[in-house]
Amino acid sequence: MASTPPSRRRFLALSGLTVLSASLTAACGAGGSGPVPAADGTVAFSWWNIATTEPGKSLFPQLSTAFTAAHPDITIKTTSLENEAFKSKLAAVTSSGRLPDVFQTWGGGVLRQQVDAGLVEDLTDVFGWASDLTPVSLQAYRFEGRTYAVPYDVGMVGFWYNKKLFAEAGITAPPATWAELLEDVRKLKAAGVTPIALAGKEKWPGHFYWAYLAMRVAGLPALGQAAAAKDFTGAGFVRAGGHLKELVDLQPFQPGFLGAGYSTPGGQAATMGNGKAAMELMGQWAPSVQKDAGADLGADLGFFPFPTVDGGAGRSTDVLGGGGGFALRKGAPKEALDFLKFFVLENQSRLLASNGYLPVVKGAEGGLTDANRRAVADTLAGATGFQLFLDQAYPPAVGQEVNDSVADLIAGKKTPEQVTTAITEAAKGA
């Protein structure tokens, strides 16, 4: 993706388009029904999501079918793509200036570029039920007080661990500090247990380590200042990379991790779910993907927040996270927003019952019965600061450089200083 936000005119020139259909907001404001329906009165819209693993793989089509059954004049054309394939395809269609009617988004800098290019619908004036959703779930999709997507999941990244493997290594409690984590890695290795599962091939899981260490060492405000100044070369960020190198030097990951995917057979989630590694650093969706790709650890699975770093400026209660949302392309049929209301607001209980998502509707947290998911929700509720995944928070070129450079650090190809220099160069060019 281009390193500077492409103009809408350039997007349209690239695709040969000269006009986009009337906006949802304009249509609703005029009392219309959005773009002109087909001659037979039917409306069709496209929906791109990343539900290729359970529970979304089964649940999303069920909800789509339920909606169209209640609205026989509406057809939903669904495309479900694996995370990385989705990002690649969406980048390609974004460059062409023609997004799907409804599409998965994590918000942040990627969505902001699409908004700045005039390709995304501003939902602020037609999203009347936004007040029913939690503020933190909406945060990543709001710019200058305007809302550009509807969240369906929100949560945070933390360590998921196998209690049985911890016990076998003589570890009686999860680590609270980075030094304790490193010591636990040594204990696990000594017990013949692979300490950590990592999808080195996909890169984004590795960036969680550097992001959290930057938050714990330099502090959350420093990340914001670095993004604004386009300079990540500060001592705190170099130290963060140094701490990550401490972990890497212990060789904590499973054999072949550099070629491992996340949700693929034999990948990170399967390694964890099959009991072949003691930990993985992952978001709220981790248990469901472990179960889908490998097996269900059941009562052996636990969760703990990312440890503090001795001498660091960051707070232990600051979290890295995000969730899933859906944005609408400029000019999408108003029925697309009706579908999202049905999907999120009217089916929150089904989303929670699937054990794959955390609540975005106010008061819905009472529906959580799983202890680990409740722990994530409670930790998030008590958070003093929230940082969106860095590969989504920043412009695409910067986020990609974070992923690439951290992957190079983990692979032994870059030093901590080189990581910060590369990210800074990308930021200055964005």
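This one's a predicted model, so the numbers in the text were calculated from it and none came from an experiment.
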Exercise. Using 4.0 Å as the upper bound for N to carboxylate O, is an ion pair formed by Asp116 and Arg112?
Worked result: yes
For this session: Could you tell me which non-hydrogen atom of Met282 sits nearest to which non-hydrogen atom of Pro205, and how far apart they are?
Result: CE-CB, 4.0 Å
Exercise. Of all residues at least two apart in sequence or in a different chain, which pass the ring pair (Phe, Tyr, Trp, His ring centres under 6.0 Å) check with Phe326?
Worked result: Trp47, Tyr152, Phe343
For this session: Could you tell me which non-hydrogen atom of Leu320 sits nearest to which non-hydrogen atom of Leu388, and how far apart they are?
Result: CD1-O, 3.7 Å
Exercise. Taking the inter-plane angle between the rings of Phe67 and Phe342 on a 0 to 90° scale, is it parallel (under 30°), tilted (30 to 60°) or perpendicular (over 60°)?
Worked result: tilted
Exercise. Does a side-chain heavy-atom distance below 4.5 Å link Leu181 with Met279?
Worked result: yes
Problem set entry | Cationic N near anionic O, under 4.0 Å, Glu335 to Lys341 | no
Exercise. Any donor and acceptor pair, going by atom type alone, linking the side chain of Glu121 with main-chain N or O of Tyr148 inside 3.5 Å?
Worked result: no
Seminar exercise, completed: Nearest heavy-atom approach of Trp160 to Met272 is O-CE, 3.2 Å
For this session: State, without any angle test, whether Asp153 and Gln284 hold a side-chain donor-acceptor pair at a distance under 3.5 Å.
Result: yes
For this session: Measure up the Phe306 and Tyr212 rings against each other and bin them: parallel (under 30°), tilted (30 to 60°), perpendicular (over 60°).
Result: parallel
For this session: Mark yes or no for whether Ser405, through its side chain, and Val402, through its backbone, hold a donor-acceptor pair below 3.5 Å.
Result: no
Exercise. Quick one: does His243's side chain get under 4.5 Å of Val217's, heavy atoms only?
Worked result: yes
Exercise. So, the side chain of Gln268 versus the backbone of Ala199: is there a donor-acceptor pair under 3.5 Å, distance only?
Worked result: yes
Exercise. Lys203 versus Asp404: any side-chain heavy-atom pair under 4.5 Å?
Worked result: yes
Exercise. For Lys362, does the NZ atom sit with more than 12 other heavy atoms under 6.0 Å from it, leaving out its own atoms?
Worked result: yes
Exercise. Tell me, do Leu133 and Val344 make a side-chain contact under 4.5 Å, heavy atoms counted?
Worked result: yes
Problem set entry | SB check Asp101 Arg329 (cutoff 4.0 Å) | yes
Exercise. Taking only residues two or more places apart in sequence, or in another chain, which ones meet Glu202 in a side-chain hydrogen bond (donor to acceptor under 3.5 Å, both in side chains)?
Worked result: Trp204
For this session: Flag the pair Arg315 and Asp318 as a salt bridge only when some basic side-chain nitrogen lies within less than 4.0 angstrom of an acidic carboxylate oxygen.
Result: yes
Problem set entry | Set of residues satisfying side-chain hydrogen bond (donor to acceptor under 3.5 Å, both in side chains) with respect to Ser80, sequence neighbours excluded | Asn49
Exercise. Between Phe208 and Phe389, does a ring pair (Phe, Tyr, Trp, His ring centres under 6.0 Å) hold up when you go through it step by step?
Worked result: CA-CA 8 Å; Phe208 291 155; Phe389 315 124; 5.8 Å; yes
For this session: Output yes when a side-chain donor or acceptor of Thr105 lies under 3.5 Å from a complementary backbone atom of Gly107, and no otherwise.
Result: yes
Exercise. Taking the side chain as C-beta and beyond, is there a heavy-atom pair between Gln387 and Leu223 under 4.5 Å?
Worked result: yes
Exercise. For residues Asp391 and Asn403, is any side-chain donor paired with an opposing acceptor at under 3.5 Å?
Worked result: yes
Problem set entry | Which atom of Val154 lies closest to which atom of Leu358, heavy atoms considered | O-CB, 3.1 Å
Problem set entry | Check: Thr124 side chain, Thr147 main-chain N or O, donor-acceptor pair, under 3.5 Å | yes
For this session: Could you tell me whether the side chain of Ser263 and the main chain of Val289 form a donor-acceptor pair under 3.5 Å?
Result: no
Problem set entry | Donor-acceptor pair, side chain of Asn162 and main chain of Leu165, under 3.5 angstrom | yes
Exercise. Partners of Ser58 by side-chain hydrogen bond (donor to acceptor under 3.5 Å, both in side chains), sequence neighbours excluded?
Worked result: Glu54
Exercise. Are side-chain heavy atoms of Asn355 and Pro287 found at a separation under 4.5 Å?
Worked result: no
For this session: Identify the heavy atoms of Pro55 and Ser288 that sit nearest to each other, and give their distance.
Result: CD-CB, 3.6 Å
Exercise. For Tyr161, which residues count as a ring pair (Phe, Tyr, Trp, His ring centres under 6.0 Å) partner, sequence neighbours excluded?
Worked result: Phe166, Phe304
Exercise. With a 4.0 Å cut-off, would you call Asp300 and Lys163 a salt bridge?
Worked result: no
Exercise. If we ignore angles and hydrogens, is there a donor and acceptor under 3.5 Å between the side chains of Glu246 and Trp178?
Worked result: yes
Exercise. Are any non-hydrogen side-chain atoms of Thr424 and Glu401 less than 4.5 angstrom apart?
Worked result: no
For this session: Measure the shortest side-chain to side-chain distance between Thr317 and Pro305 over non-hydrogen atoms and say whether it is less than 4.5 angstrom.
Result: no
Exercise. Taking only residues two or more places apart in sequence, or in another chain, which ones meet Asn372 in a side-chain hydrogen bond (donor to acceptor under 3.5 Å, both in side chains)?
Worked result: none
